[in-house]
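Here's the structure we're looking at; comments come further down.
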2 protein chains.
Amino acid sequence: MNTDIQKPPKKSFKIQMLAAREMAIIQSVNRFLAEKGFDAMTVDEVAAEVGIAKASLYKHFTSKEELACAAMVAAMRKAQDFIQSLPAGQAPIDKLKAVTRWTMTLKLQGLMPSLPSQNSSLRATLMANKDYMDGLMEVSDALGGWIEEAQAQGQINKGLPAVAVLYTLFARACDPVLEFLKMGEQHTDEQILDLVMSTCFDGLSAR
Amino acid sequence: MNTDIQKPPKKSFKIQMLAAREMAIIQSVNRFLAEKGFDAMTVDEVAAEVGIAKASLYKHFTSKEELACAAMVAAMRKAQDFIQSLPAGQAPIDKLKAVTRWTMTLKLQGLMPSLPSQNSSLRATLMANKDYMDGLMEVSDALGGWIEEAQAQGQINKGLPAVAVLYTLFARACDPVLEFLKMGEQHTDEQILDLVMSTCFDGLSAR
DNA sequence: GTCTATAGAATGATAGAC
DNA sequence: GTCTATCATTCTATAGAC
């Protein structure tokens, strides 16, 4: 008689715990990266916030860089999910606007992890991470396709190289204008989003 | 007989040396801040690059933060000089464009010091620095005035609060799109400037 | 001889790694 | 919890200017 069939999966509980803890870690790292950046974030405070020992952290992630990397991979996956959630029938320009606004919403809420574009060791770690690179590629391909469609339809300036448009949209994820306007306390988050969406797509000049 | 009249200024040589050295220090710090940022910059490498002892550095500037501060003050002064060098007859919109392009040129050349917007101790040091704050105020006032004039003349979108326009222009000084396009090696610096100027003032949407 | 600048070592604190 | 590396900052002793 094969008892395996009736046996409840023995490891499942422990694995679930580990997975849950890993999610908690990543969420914590995500917030710290958004709030203070990679350099200012310390492994100690992450461990403290999650409520585990530093040593346990290093069981999951072997370095501070991998920690940040995991958060970036998770963020990228969320972007992929959002992109796939968009209705297929929507016009490409509207999809682009939706993704851009979603990105900026995260940033305004302090949930957009940002890496110092200068830290080379971190960038190297990211570039070596297949999950991250695959996600980045998928997101870039989706947006790139929409950009070209929108240009063909005359809704995005055809004089701009698609890659320049892509970078400009990506850059909204770390646009300091959002924080500055928020600090000024003169506008609601929605108004700030509208303003930056307007400057991004319509420019500063009068139309 | 009063010999003071004929005496050449005795201290002048030494003072000139000190001033020259201070300039060299600030220039070096400026480059490091542009290249690797405040956190990654070490006092040792600054001293090494200038070719003086660390102790001598601390004779001029009593802390790493003051060092960065001095570089920011110098950068701000350069901005003030540029602003004042613009011909009075120029249209406000053209002045705004000139300043924006000049700023981005510096950034492209790796000469635009940028501070992590997150580092609070550094920000506090800067906010406490009268020279810096005065410079910032003067620059903001000049640009703010031109923005309102340009809006009155119908050249800048009147629907945008002047402060939003101001922040959007300031943000060009640390726009990552510049670096990304430069890394791509598909465009000359001039083309990159034209592209970002276009997305900034005319937006991504077709006109 | 006195004063200053320098080089290099010493100190102390922080924070990553295990 | 411990070990260790990195750095900002300070100290000390030497060399040189005046």
Side-chain angles (χ1 to χ4, degrees), chain A residues 18 21-22 25-26 28-33 35-72 113 115-116 118-126 128, chain B residues 3-4 6-26 28-29 31-33 35-72 113 115-116 118-126:
Chain A
L18 286 181
R21 181 188 286 178
E22 208 148 293
I25 294 169
I26 287 177
S28 179
V29 170
N30 191 80
R31 274 202 329 96
F32 279 121
L33 286 183
E35 212 166 87
K36 21 188 3 190
F38 180 76
D39 290 326
M41 176 185 90
T42 70
V43 177
D44 292 68
E45 61 192 351
V46 174
E49 191 178 77
V50 177
I52 62 178
K54 246 191 306 185
S56 312
L57 248 192
Y58 276 91
K59 284 270 192 289
H60 290 277
F61 305 96
T62 66
S63 74
K64 184 186 179 186
E65 272 155 25
E66 264 191 41
L67 215 52
C69 210
M72 295 307 289
L115 304 181
Q118 294 125 340
N119 187 321
S120 53
S121 90
L122 191 48
R123 174 168 282 178
T125 305
L126 271 180
Chain B
T3 57
D4 284 354
Q6 288 119 322
K7 237 193 292 187
K10 274 208 173 172
K11 283 182 179 171
S12 127
F13 180 68
K14 186 190 255 177
I15 288 180
Q16 266 191 350
M17 286 287 292
L18 286 181
R21 175 143 73 196
E22 209 148 294
M23 264 177 38
I25 294 169
I26 288 177
S28 179
V29 170
R31 275 202 331 94
F32 279 121
L33 287 183
E35 212 166 87
K36 24 193 349 193
F38 180 75
D39 290 325
M41 176 184 90
T42 71
V43 177
D44 292 68
E45 61 193 350
V46 174
E49 191 179 79
V50 177
I52 62 176
K54 241 187 315 181
S56 312
L57 246 193
Y58 276 92
K59 283 270 192 292
H60 289 277
F61 305 96
T62 66
S63 74
K64 185 185 179 185
E65 270 157 26
E66 262 191 41
L67 214 51
C69 211
M72 295 307 289
L115 303 181
Q118 292 123 343
N119 188 322
S120 53
S121 91
L122 190 48
R123 174 167 283 177
T125 305
L126 270 181

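A, B, ... follow the sequence lines: proteins, then strands. Residue 1 opens every chain.
- Between B:S56 and C:dT6 there is a side-chain N or O to OP1 or OP2 distance below 4.0 Å.
- Taking atom CG of residue A:D39 and atom C1' of nucleotide D:dT6, one finds them 13 Å apart after rounding to whole Å.
- A donor and an acceptor atom sit less than 3.5 Å apart, one in the side chain of B:K54 and one in the base of D:dT9.
- Side chains of B:E66 and B:T125: a donor-acceptor N/O pair is absent below 3.5 angstrom, by distance only.
- Going from atom CG of B:L57 over to atom OG1 of B:T62 covers 11.5 Å, rounded to the nearest 0.5 Å.
- Residue-level contact check: A:S63 touches the backbone only, with heavy atoms under 4.0 Å from sugar-phosphate atoms and none from bases.
- In this structure, A:K64 and A:D39 approach most closely via the heavy-atom pair NZ-O, 3.6 Å.
- Computed from coordinates, the B:K59 NZ to D:dC11 P distance equals 11 Å when rounded to whole Å.
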Criterion salt bridge (charged side-chain N to carboxylate O under 4.0 Å, His left out) on B:K36 and B:E45, from CA distance to verdict
CA-CA 12 Å; B:K36 24 193 349 193; B:E45 61 193 350; 3.0 Å; yes
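- The side chain of A:V43 has C:dG16 as its nearest neighbour among C:dT6, C:dG16, D:dA8.
- The shortest distance between the side-chain N/O atoms of A:Y58 and the OP1/OP2 oxygens of C:dC18 is not below 4.0 Å.
- We find that CD of A:E65 is positioned 16 Å from C1' of C:dC18, with the value rounded to whole Å.
- Atoms CG (B:D44) and P (D:dT10) sit 14 Å apart, rounded to a whole Å.
- Atom P of nucleotide D:dC7 and atom CZ of B:F32 are separated by 12 Å, given to the nearest angstrom.
- Of the inter-residue distances, the one linking A:R21 atom CZ with A:K59 atom NZ reads 10.5 Å to the nearest 0.5 angstrom.
- Side chain of B:T42, nearest nucleotide from D:dC7, C:dG16, D:dC11: D:dC7.
- Counting to the nearest Å, the P atom of C:dT6 and the NE2 atom of B:H60 are 7 Å from each other.
- If you measure from atom CG of B:L67 to atom C1' of D:dC7, you get 14 Å, rounded to the nearest angstrom.
- Rounding to whole angstrom units, CD1 of residue B:I52 and P of C:dA7 are separated by 9 Å.
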